[in-house]
2 protein chains.
Amino acid sequence: MHRELLLLGVLRMGHLHGYGINEFIQRDMAFCTDLKKPTAYHLLQKMAEAGWIQENEVQDGNRPPRRVYQITPEGEAAFQRLLRENLANHFNAYFDGDIGLAFVDVLPADEALSLLRERQDGLKAELTMLENVRGHTSGGLQFILEHQKRYLAFEINWLDEVMKRLLQPREE
Amino acid sequence: MHRELLLLGVLRMGHLHGYGINEFIQRDMAFCTDLKKPTAYHLLQKMAEAGWIQENEVQDGNRPPRRVYQITPEGEAAFQRLLRENLANHFNAYFDGDIGLAFVDVLPADEALSLLRERQDGLKAELTMLENVRGHTSGGLQFILEHQKRYLAFEINWLDEVMKRLLQPREE
DNA sequence: TGTTGACTAGTCAAGATTGACTACTTGATG
DNA sequence: CATCAAGTAGTCAATCTTGACTAGTCAACA
């Protein structure tokens, strides 16, 4: 239900129509989700059916009409419930990069090393980008940016360790 | 294509029929994927259609017949390509727990703190479990276990930081 | 020998997700 | 004014993913 929580949370902040919600998510919350537009529309519709949000058509000048959404009391209750549940629980993280690592022995050590260095360079570039992000230091979003930066540093560091071990002769 | 890489890699190790492949993934690779049985069957079928693997029915005594899979040369080539691609690239990690964090301001600080402490306790329990895992120190799987343990420690540490900041009065 | 519980092997319908697409508006430029 | 790019708003078919289910085997025990 993380995606529902996200959408309800964004709606609560006042971004009210599908397009605007998506804009916000893509621009300001890209660090914590990869929710895409059609998925968002799908979930909004589902939540409307569930009574968590109310849907209104709004005509704005000559523009195509927008569906504007508003949280209902039931939606707010659901938001609070989901938020508490999310904060209290931890969620397994799976790292797609680990799958390759599981079979790294298949390649000659020197090739593996150069591929992993390439991965590490990508991570470093990403980190540099995040460090140059300014703005939206508002509340919780700041936490997420900080979390991502620390995570990237962690991964860069971990790869150093992996490469060191690949260099050492197999010992038991 | 991470899941394909995973399946090809497992097949290469000699786990040849659907059920056995799933057993292995659930038992020994639970730390790096949440691939489920029906998904695995689906992907095996797709890869068979693509010519990456060959499918044979095998009758074993009175047992229901098994579909036994074997990598083809094209499959091996695909494996090598996917492996190199996976090792050289980095993949954005999204943390579901961050979504709650984004809205943590909604709750009173003391409640947020106690919820996050609950989350942290869960992480600590998980870490303790991993630390007691013995066996299958074979090659790459060892890396993954180690990565997970370090990641959990990282998260536990990060939550300490978050809780400290929630306690401090908002400063600018 | 009948029954029970665990193991083996896989299927299926339902739901989630997304790449690619449509269609309209607005503003700027030549 | 015609055209072109960018912005706005959303849809759809195809694909991916999985919870729940079927159906057989085997071993052990009463």
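What you are looking at is a predicted structure, and each value in this text was computed from that prediction instead of being measured. Lettering follows sequence order; numbering is per chain, from 1.
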Atom NE2 of B:H42 and atom C1' of C:dT17 are separated, to the nearest Å, by 14 Å

Here the distance between atom P of D:dC16 and atom CG of B:L44, to the nearest Å, is 14 Å

Could you label the plane-to-plane angle of the A:F79 and B:F103 rings as parallel, tilted or perpendicular, counting under 30° as parallel and over 60° as perpendicular?
-> perpendicular

Could A:R3 and A:D34 be called an ion pair, given the rule that one side-chain N must be under 4.0 Å from one carboxylate O?
yes

On DNA chain C, more 5' by nearest nucleotide between B:P38 and B:Y19 is B:Y19

Between A:R67 and D:dT11, does any side-chain N or O lie under 4.0 Å from OP1 or OP2?
yes

Whole-Å distance, B:Q26 CD to C:dG10 C1', equals 14 Å

To the nearest angstrom, the CG-C1' distance between B:D34 and C:dA16 comes to 14 Å

Evaluate the side chain to side chain donor-acceptor pair (under 3.5 Å) criterion for residues B:E146 and B:Q142: first the C-alpha distance (whole Å), next the side-chain angles of each, then the deciding distance (0.1 Å), finally the verdict.
-> CA-CA 6 Å; B:E146 181 70 22; B:Q142 203 174 359; over 6 Å; no

For B:H17, which contact category applies under a 4.0 Å heavy-atom criterion: base, sugar-phosphate, or nothing?
sugar-phosphate

| Is it true that atom CD of A:Q70 has more than 12 heavy atoms of other residues, nucleotides or ligands lying nearer than 6.0 Å? | no

A:E49 CD to C:dA16 P, in whole Å, measures 11 Å

Atom CD of B:Q45 and atom C1' of D:dC16 are separated, to the nearest Å, by 13 Å

**OP:** Any chance you could lay out the side chain to side chain donor-acceptor pair (under 3.5 Å) test for B:N86 and A:R119, step after step, and finish with the verdict?
**Re:** CA-CA 9 Å; B:N86 180 290; A:R119 181 193 282 192; 3.1 Å; yes

From NZ of A:K37 across to P of C:dT18 the rounded distance in Å is 13 Å

Of B:V68 and A:T39, the one whose closest nucleotide on DNA chain C sits nearer the 5' end is B:V68

Quiz item: Is any side-chain nitrogen or oxygen of B:R3 closer than 4.0 Å to OP1 or OP2 of D:dT18?
Solution: yes

- Message: On the nucleotide D:dC16, are OP1 or OP2 found under 4.0 Å from the side-chain N or O atoms that B:K46 carries?
- Response: yes

Atom CD of A:E23 and atom P of D:dA6 are separated, to the nearest Å, by 15 Å

